[in-house]
Number of protein chains: 2
Amino acid sequence: MSDLEERPDRPRVVTIRDVAAASGVSIGTVSKVLNGRGKLRAETRARVSAVADRLGFRPNPLAQGLLAGRTHTIALIACDGFSRFSVPVMLGVEDFLAPEEISMFTCDTRDDPIRERHHVERLLARRVEGIVTTGRRAETRHGLGDLPVPVVHTVSRSAGPGDFSVVPDDRGGGALAVRHLLAAGRSRIGHITGPRRFLAAGQRAAGLTGALAEAGLRPVAEPLFGEWSEEWGRQAAGILLRARPDVDAVVCGSDQIARGVAEAMGEHGRKVPDDVALIGFENWEPMALGARPPLTSVDLNLTEIGRTAARYLLDAIGGAPPQGGVLTVPATLVVRESTR
Amino acid sequence: MSDLEERPDRPRVVTIRDVAAASGVSIGTVSKVLNGRGKLRAETRARVSAVADRLGFRPNPLAQGLLAGRTHTIALIACDGFSRFSVPVMLGVEDFLAPEEISMFTCDTRDDPIRERHHVERLLARRVEGIVTTGRRAETRHGLGDLPVPVVHTVSRSAGPGDFSVVPDDRGGGALAVRHLLAAGRSRIGHITGPRRFLAAGQRAAGLTGALAEAGLRPVAEPLFGEWSEEWGRQAAGILLRARPDVDAVVCGSDQIARGVAEAMGEHGRKVPDDVALIGFENWEPMALGARPPLTSVDLNLTEIGRTAARYLLDAIGGAPPQGGVLTVPATLVVRESTR
DNA sequence: TTGAAAGCGCTAACAA
DNA sequence: TTGTTAGCGCTTTCAA
């Protein structure tokens, strides 16, 4: 496949000088045409643009940026191998950025602070104008330190003082799930979720108990903290059924857990949703749709978190006063067969 | 959260001039110190580096790039919303790029040619030095046209003449699965997979029948083409069992299908792996590990595909003669309980 | 209405 | 051993 012939020259990049020469004007004039600036004869404008088009001229953003001190780039730093938590955020950020003609560098730190530092250094050297970080489920993360550009943290909130974070509403999501179940006439509601050390698990549980309390109720049993896995869901369903055979609904801390619960319920002779209604969390479609029956699930709207983060970042880049604190994006409920 | 006070000035960016002034030398000297070029007194070097460090100087890569005509950036274009197929490739590309101090722009086309064109235009304007595309399962995609920079397509092969693609070995993966089953003493092997129109489905099936043929065998029944879903797995398992109750192993076109099959097998009174061994495809861990029992699965080594693509891209950027054609990265088998 | 020239931050060739 | 200068591609005065 290799060949000895000279490599065919790739088309040389066309500069403003080429356009000027080809259209017989100065580079200043070309610049004015391209930017619609200054006073020029219509005929000149037309002619120069035509030439620029014909030559396939694209202004070099490095040169533009050098002069303007801007790069129209931002960076997204993930820490979790672009997991299913980071990806929707990325898409949201991109959504918001693309029409602004801003490009996005991405990198992943694999949860390694050294790698993170390294990436931040390089990105700053490249003069990105802002940084978005993404996290894995709602946790608390360290800040990035005092940087010369605005930073927005997403999903995981930053512990750095004055830092700004956009996070999912785990608590509200838990409440949402409960209200849906109450409206459907369920009242003996259990909760099976991930490890206690996860902020997300605690908040989802708190939202659930809160919403039950509003209705003068309590969970049918103490929330069961364990793992984020299907296997834990299977185990915990057994534990719950043994303690409270009369349970008529379970809110799960993740769709994976909910799948495990669904399976175990069947094995214990309970029908979903007839005997026990089931709600998952995170609305991870391959999981939620593959379950039998398909799972009602709390959607944390991570893409919206990404859009929101991008909007704030652009505002900050534009000179808006710095924001600190945590902004929470509401969750929504996607209703499927497991609660119908 | 807003305040009326003046926004605290972010630290102004330090230029080579600042360093020169602060250390009482010319900018040329600073440049030599920073790049280790030229002949300078050791004392000067030490002093200037110290000042540069103290000031937190970072050379502006825009200026460097403008001069050198290089940007040390590449782009990755996904088409599938950074799906589980694109993400491992991204990580592989990043793996290979990071030590080279090359940064990666990413964008997603949402499978929209207009969006793709738009992104390509913008990336070229930014003078990326190369482009990697990622695809969703092995398909054939259109090329990007004649670009002034090298392009490597991954996962989906490009139909563009002279284009270079790095793709998974679906056929080899199918063969791998069969050989593993044969070695385990199974011989009545069925196949349940995705839609016939997918190249990946066809190749996996071909690999399977090929490896069986080598052993003088044929599939226990015609391969069942359907959907990539669990639901299809459940359905198809029933069909297969009705046709061939004596089947002792099933290779599935995806882990999702395999999960469905596993579930249905249980319902039909077949134990996995005792009665029927099961192999999935793609080694999508949340699916493969959550199944009961955990699934043996063919890993397509997408991260390795990413690394390989990055290596070729860098070579091409470095001036290696252009390659055309398709490079196949071998698959491997991850053995778990479903075949033990 | 157009052109000339300065300068963004940096490197490299050449002078001193 | 160090400084000076030109120039990368572009925008933006200011002159013509």
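From a predicted model like this one, the values you see are computed outputs, not experimental measurements. Chain letters run A, B, ... following the sequence lines, proteins first and then strands; every chain starts at 1.
- Salt bridge annotation for Asp108(B)-Arg115(B): absent, with no cationic side-chain nitrogen under 4.0 angstrom from a carboxylate oxygen.
- Between the side chain of Glu139(A) and the backbone N or O of Leu199(A) there is at least one donor-acceptor pair closer than 3.5 Å.
- When rounded to the nearest whole Å, the span between CG of Leu66(B) and C1' of dT11(C) equals 11 Å.
- By the salt bridge (Lys or Arg N to Asp or Glu O under 4.0 Å) test, Arg137(B) pairs with Glu282(B), sequence neighbours left out.
- Atom-to-atom, CG of Asn60(A) to C1' of dC10(C) comes out at 14 Å; the value is rounded to the nearest Å.
- Under the side chain to side chain donor-acceptor pair (under 3.5 Å) rule, Ser86(A) has a single partner from Thr106(A), Thr133(A), Thr134(A), which is Thr134(A).
- Five base pairs at each end of the helix from dT1(C)-dA16(D) to dA16(C)-dT1(D) define two local axes, and these are offset by 60° (rounded to 10°).
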Inset, instruction - Apply ring-ring contact (aromatic ring centres under 6.0 Å, His included) to the pair Phe82(B) and Phe82(A), showing each step before the final yes or no. - result: CA-CA 9 Å; Phe82(B) 305 119; Phe82(A) 306 118; 7.8 Å; no
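- The distance between atom CG of Leu34(A) and atom C1' of dT11(D), rounded to the nearest whole Å, is 11 Å.
- For Arg17(B) (side chain) and Ile27(B) (main-chain N/O), no donor-acceptor pair under 3.5 Å exists by modelled atom type.
- Between Leu62(A) atom CG and dT11(C) atom C1' there is a gap of 15 Å when expressed in whole angstrom units.
- Applying the salt bridge (Lys or Arg N to Asp or Glu O under 4.0 Å) test to pairs two or more places apart or on separate chains, those with a residue in residues 62-82 of chain B are Arg70(B)-Glu129(B).
- Taking the charged nitrogens against the carboxylate oxygens, Glu116(B) and Arg141(B) do have a contact shorter than 4.0 Å, which makes a salt bridge.
- Within the structure, every side-chain polar atom (N or O) of Gln64(B) is placed at least 4.0 Å from both OP1 and OP2 of dC10(C).
- The closest donor-acceptor contact from the side chain of Asn35(B) to the backbone of Ser31(B) lies under 3.5 Å.
- Residue contacts shown for Arg58(A) are limited to sugar-phosphate atoms, with no base heavy atom under 4.0 Å away.
- Contacts with DNA chain C (heavy atom under 4.0 Å) in residues 35-50 of chain A: Lys39(A), Leu40(A), Arg41(A), Thr44(A), listed by number.
- Rounded to whole Å, the distance from CD1 on Ile16(A) to P on dT2(C) is 15 Å.
- In this structure, a donor-acceptor pair under 3.5 Å is present between the side chains of Ser103(B) and Arg126(A).
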Pairs under 3.5 angstrom, nitrogen or oxygen only, protein versus nucleotides 3-7 of chain C, please.
| residue | atom | partner | partner atom | Å |
| --- | --- | --- | --- | --- |
| dG3(C) | OP2 | Ser26(A) | N | 2.9 |
| dG3(C) | OP2 | Ser26(A) | OG | 3.3 |
| dG3(C) | OP2 | Thr29(A) | OG1 | 2.6 |
| dG3(C) | O6 | Lys32(A) | NZ | 2.6 |

Residues 56-63 of chain B, side-chain donor-acceptor partners within the protein, below 3.5 Å, at least two apart:
| residue | atom | partner | partner atom | Å |
| --- | --- | --- | --- | --- |
| Arg58(B) | NH1 | Glu121(A) | OE1 | 2.6 |
| Asn60(B) | OD1 | Leu62(B) | N | 2.7 |
| Asn60(B) | OD1 | Ala63(B) | N | 3.4 |

